[in-house]
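Below: the structure, in structure tokens.
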Amino acid sequence: RSRPTRSAHEKSARNYLETFGYLKKGRPEVGNLQLMNHEQEYEDEFRIAIKTLQEFGAIPVTGEIDKATLALMKQKRCGRPDREEDDDEHRRKKR
Amino acid sequence: FAVQGEKWKYTNLTWSLSSTRRPSQLDPYETRSVLARALNVWAQASRLTFTEINSDEADIVVSFAKRYHDDAYPFDGRGAILAHAFFPGTGRGGDAHFDDDELWLLQPRDDDEEGTSLFAVAAHEFGHSLGLSHSSVKGALMFPWYQGIQQNFVLPEDDRNGIQQMYGPKTDTTQWGKVPQFRPTTTTTTTTTTTTTTTTTRRPYIPYHDRHHNRHPEQYPNRGYTPRIPNRYPERHYPDHRRHYNTSDEHPRRTNHHHTYRPTERTTHPTTYRPRYPYVQPEYPSNPRPHYPNDPRQDNPRKPYYPEKTTQRTTTTTPSDKPDTCDTSYDAVALIRGELFIFKNRYHWRIGAHGRYPGYPMEITRMWASLPKDLTHVDAVYERPDRKIAIFIGKQLYLFDLLNLLPGYPKPLSAFGLPASLEKLDAAMVWGHNGNTYFYSGSMYWKYDEEKGRVDYDYPRNMAMWKGVGYNIDSVFQWKDGKTYFFKGKGFWKFNDLHMRVENDKQYPSATFWMGCATERSGRRAGYK
């Protein structure tokens, strides 16, 4: 059994959302059965993340991967996440 | 605006363009001039001052790099991601990295949509260097998406509020210094984008070559060493890089009361310096700088000295089963405590921040003494999420807390839900793409639940899921770049986690890439199909 296939846009958006801190990384492997149980929860998280991105990027908040969102994701930008997590990599201390 | 939380404890910051990672397409002098102007944007709105010191020990070190470049945030070629910077702190803190693949413009050009203003991006990144996160205010400098730059740029209100909250507003009694221009002559001076009109005495510009090489004239008497930079850390004279050795949180300038650089007497070698032996340490160094196999600095005489402890040698002859570093396959490869461990037969190599450790390959049992004395090889090794080290040998798992075998181990593979008929694992790894653990053997693989201590019930599955690597792999692991690498024979594949297939059907030679061997010796002509 495998989960429903997602569009290329969704995969690309998910990667973008994870890279810039809107979605937590660590989704299960392709075809992971465990994901099936959390499919709805995942969809909700994804929509919320898209909305947050849209709000942050000052474009209409629709929760959908629309043209404005796709354009925003193609824009040149800083590589830092927009939503910072506690990350040792960013706060490295000399030992 | 958003304040990240970390801030500099002092306002007189230093900065430098990296001595080793300079822009490949830009004039370094003009680049420095642009960077100085970008810093001045923040200086004009706060109490901060910025002094260029031309040293990799500066608070803010600016570097240009492509793709993977020594941190977890690889660049992506031209477009999309332009740069990033680290928040205030010691070590890498404050540093700004720019994608060298971008078409950087030193002067804003309205009619060129392709290029990217270095000034605009630098001003944004330095905001991170000072402690600001991204702002959701469109038009703010800290807005994450590139907005170009206008002539006579003035820091927007949102950013001004942010920087002043952290460092206070600019005091009234000072005047702005003139933004310096850099000239490529030996009389080029270090510069201060300072809030006062007083200029400090500045040391002449000294090319990197002259400044940094041969700090040990007694070792390299013919290199013409001339000490020109004061040694602020005489007890740490040997090291070549601030990130590894400056363990103090104290700002270097606190020991340098006036900021004029003067040649000083060279400090004698420290008597407290100790080599890193005995070899077995209580904890592995946790990766100050990732190993880049082809990093030319591996051959740099400034790299730390790791003397061999000759008393540990029991024989001077090479055992017949000792593998050839530059011509062998690998039994297992694992990233442990940020260092690469490569296993073959009863030996292993260790590759740290400065490349391959000398004296290797060395017997595995010298590191993990609890393994069988008659050990001939290991099948798979990986570091678990709880940092314990799992070593698979035949039908047994040996689990170590660093170097100590845990009570109750070794345990049979069947204890973890693997088939009793399974003779061995080929490989094991924590997959960076999802954080799950996977075991591989022959044509099958399993997902292992670290919390339950068992493989999931709907496994094994066919290795065809991992397109391009085939069956009976030798090893797999996740490197510091977050990518997955599969090994088989004398070659390896880089795996695309999103597309679930190898990036290139043809293997790369392992010895050349991971061991830093010459291409000729690693058998490239033989092909890796």
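By convention in this document, chain letters (A, B, ...) are assigned in the order of the sequence lines, proteins followed by strands, and residues within each chain are numbered from 1.
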#### Entry: Test item: side-chain donor near acceptor, Asp66(A) and Thr69(A), under 3.5 Å
yes
For Gln75(A), I'd like to know if atom CD has over 12 heavy atoms of other residues, nucleotides or ligands within 6.0 Å. yes
If one checks every heavy atom of Phe143(B) against chain A at 4.5 Å, the contacting part turns out to be side chain
Applying a strict 4.5 Å limit to non-hydrogen atoms, the region of Glu125(B) in contact with chain A is side chain
For Trp431(B) together with Tyr445(B), are the ring centres under 6.0 Å from each other? no
Salt-bridge contact Asp99(B)-Lys76(A) (side-chain N to carboxylate O under 4.0 Å):
no
Ranked by heavy-atom pairs below 4.5 Å to chain A, first place among Met142(B), Lys138(B), His124(B), His128(B) goes to His128(B)
